[in-house]
Amino acid sequence: MLDVLKIRQDFGILSREVYGKPLIYLDSGATAQKPQCVMDKTTQLYSQLNANIHRGAHYLSDRTTAEYEAARETVRRFIHAASTREIVFTSGATLSINTIAYSYGEKFVREGDEVIVSEMEHHSNIVPWQLLCQRKKATIRVLPFSDDGSLRIDLLPELLNERTRIVAVTQASNVLGTRPDLESVIRTAHAAGVPVLVDGCQGIVHGGVDVQALDCDFYAFSGHKLYGPTGIGVLYAKEKWLEELPPFLGGGDMVGTVSFEKTTWADLPFKYEAGTANFIGAIGLAEAIRYVENLDPRAIGEHEHRLLEHATCRLSAIEALQIFGRTPEKCSILSFNIDRVHHLDIGAMLDKTGVAVRTGTHCAEPLMTHYGVTGMVRASLAMYNTLEEIDIFADNLTKIAAMLRS
């Protein structure tokens, strides 16, 4: 059993009040709270070890560089990449995906080519591919999902053809909680000679990843959803791709030699890390990863599953409430609407009871279009939430639903 009360002691913000009510934070899918060790680490770096990496010939720079590269090794181990040469630090998953959309697209996508994107993707895994297709006069093809939230992987072979250049798919939907069978997606795409990019923002938190076992070509995730700092993310790419693709951004630290006639690129992974890196964020992310690694991943998964089952049971008893996404292996994300009640009103009234949820399109408008809604309420549950919090949330929601529907 996960010692949730002990974990909560590491997250001081969870003990505060809002509007005179104890905070119940059910918005970790947007950004997770940070344990004290992460905040202590970033404070220590700023106050005692703040110096630019890879450049200085002095103690502070040497120490910071060593911690930055140690953070890269921590990430490599955490996702089980083959080499630190495959780990690129970015500002977040959005930049990670944009990097591949640009670099891979410049090299391999031509007029008339096609990119396959699933219908349940976050905008960060849709818009970069749209920009690529507009630039290259290529076409996006959509892999749909069923009303229960399951991705129609059976339709993937029909979408793949000789003009398909890449498949982009989520590891876990940020709205439905759906965890598609990525092994099948990747195996099918690879059989057609097509690489696969995986958006791991939710999946890395709820279950983790082994990129070698998964055999994805590219994998992106953000630090702030993994209990780490904001403004830091990771792009994993197989070394063969990073060697072959052109860099996305140019500037300092990503070059070998520079002249007005020709510039050469630095070795991997620095070729893709232009400018001053967010070394504080990267080192803080490594601290967050170590925090998670010190916990039992199986116990975390079981606890989050209990939270999800309890919340699903309680909310299903509320009159006129519809839950979106009913796949059996979904992660702890619960999106819903109440008939004849606007999702923003629900969120605003829950807020006054101390319950923090997300409302709106959740950066997934095509998914909303699928269900014919303008938005949803989302409760995204994390390892530090409790069954008691779920009961308070459900009790307040029951009262709000009855009042608003009357």
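In summary, the side chains of N385 and H303 do not present any donor paired with an acceptor at a separation below 3.5 Å, with no hydrogens or angles considered. S83 and E86 are not linked by any side-chain donor-acceptor pair at a separation below 3.5 angstrom, with hydrogens and angles left out of the test. When only modelled atom types and interatomic distance are considered, S150 and T327 share no side-chain donor-acceptor pair under 3.5 Å. Side-chain contact check for T257 and T264: at least one donor-acceptor pair (N or O, by modelled atom type) lies under 3.5 Å. Between D199 and T170, the side chains place no donor N or O within less than 3.5 Å of an acceptor N or O (distance only, hydrogens not considered). No donor-acceptor contact under 3.5 angstrom links the side chains of Y104 and D217, judged on distance only.
Side-chain rings of Y68 and F279 stay apart, their centers remaining 6.0 Å or farther from each other. Taking the centre of each ring, F78 and F221 stay at or above the 6.0 Å mark. Not less than 6.0 angstrom separates the ring centroid of Y227 from the ring centroid of Y291.
R8 and E389 are joined by a salt bridge, as a carboxylate oxygen and a charged side-chain nitrogen come within less than 4.0 angstrom of each other. At a threshold of 4.0 Å, the pair R187-E183 does not count as salt-bridged, since none of the basic side-chain nitrogens sits closer than that to a carboxylate oxygen. By the 4.0 Å N-to-carboxylate-O rule, E67 lies close enough to K41 to be salt-bridged with it. Between E73 and R76 a salt bridge is recorded (basic side-chain N to carboxylate O distance below 4.0 Å). Between R314 and D391 there is a salt bridge, with a side-chain nitrogen of the basic residue lying less than 4.0 Å from a carboxylate oxygen of the acidic one. A salt bridge between D154 and R152 is present, with a side-chain N of the basic residue lying under 4.0 Å from a carboxylate O of the acidic one. Between R72 and E69 there is a salt bridge, since a side-chain N of the basic residue sits under 4.0 Å from a carboxylate O of the acidic one.
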Show, in sequence, the C-alpha distance, side-chain angles and deciding distance for D27 and S380, and conclude whether the side-chain contact (heavy atoms from CB on, under 4.5 Å) test is met. CA-CA 5 Å; D27 195 23; S380 46; 4.1 Å; yes
When you look at E114 and R163, which way does the salt bridge (Lys or Arg N to Asp or Glu O under 4.0 Å) test go after all the steps? CA-CA 6 Å; E114 298 179 353; R163 302 309 301 266; over 6 Å; no
Could you go step by step and tell me if S173 and L367 meet the side-chain contact (heavy atoms from CB on, under 4.5 Å) rule? CA-CA 10 Å; S173 167; L367 185 150; 4.2 Å; yes
Please lay out, stage by stage, how H54 and F270 fare under the test side-chain contact (heavy atoms from CB on, under 4.5 Å). CA-CA 10 Å; H54 297 154; F270 311 115; 3.5 Å; yes
Should V115 and V117 be marked as a side-chain contact (heavy atoms from CB on, under 4.5 Å) after you check the CA-CA gap, both sets of side-chain angles, and the distance that decides it? CA-CA 7 Å; V115 173; V117 176; 4.0 Å; yes
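Considering all non-hydrogen atoms of both residues, I153 and S184 come closest at CG2-CB, 4.2 Å. Pairing each heavy atom of R179 with each of A172, the nearest pair is CG-CB, 4.1 Å. Across all non-hydrogen atoms, the minimal contact from L160 to A189 is CD1-CA, 4.1 Å.
Proximity of Q212 to I79: side-chain heavy atoms (C-beta onward) are nowhere separated by under 4.5 Å. Between E106 and K136 there is a side-chain heavy-atom pair separated by less than 4.5 Å. Side-chain atoms of V167 and V185, non-hydrogen and from C-beta on, do get closer than 4.5 Å to each other. Using a 4.5 Å heavy-atom cutoff, the side chains of R378 and N174 are in contact. Contact of the L60 side chain with the N50 side chain is not registered, since no non-hydrogen atoms from C-beta on lie closer than 4.5 Å.
Within 6.0 Å of CZ on R358 lie no more than 12 heavy atoms contributed by other residues, nucleotides or ligands. Counting heavy-atom neighbours within 6.0 Å of M403 CE, excluding the residue itself, gives a total above 12. K399 NZ: 12 or fewer foreign heavy atoms inside a 6.0 Å radius. Heavy-atom contacts from other residues, nucleotides or ligands closer than 6.0 Å to CD of E17 number more than 12. No more than 12 heavy atoms of other residues, nucleotides or ligands shown are found within 6.0 angstrom of CD on E329.
The structure places NE2 of H370 at 10.0 Å from CZ of F324, a figure rounded to the nearest 0.5 Å. A distance of 8.5 Å separates CD1 in I283 from CD in Q44, rounded to the nearest 0.5 Å. One distance of note links CD of Q202 with OG of S332; it measures 9.0 Å at 0.5 Å rounding. Distance check: R326 CZ to T178 OG1 gives 12.0 Å after rounding to the nearest 0.5 Å. Remark: T64 OG1 to R55 CZ distance equals 12.5 Å, nearest 0.5 Å. Rounding to the nearest 0.5 Å places CD1 of I338 at 11.5 Å from CD of Q322.
Classified by interplanar angle (parallel below 30°, tilted 30° to 60°, perpendicular above 60°), the ring pair Y102/F248 is tilted. Y25 and Y384 have tilted rings, their planes meeting at an angle from 30° to 60° on a 0 to 90° scale. Classified by interplanar angle (parallel below 30°, tilted 30° to 60°, perpendicular above 60°), the ring pair F393/F336 is tilted.
F218 pairs with exactly one of L197, V211, V196 by the side chain to side chain contact (heavy atoms under 4.5 Å, CB included) rule, that one being L197. Put simply, the residue from R85, K238, K271 that forms a side-chain hydrogen bond (donor to acceptor under 3.5 Å, both in side chains) with E243 is R85.
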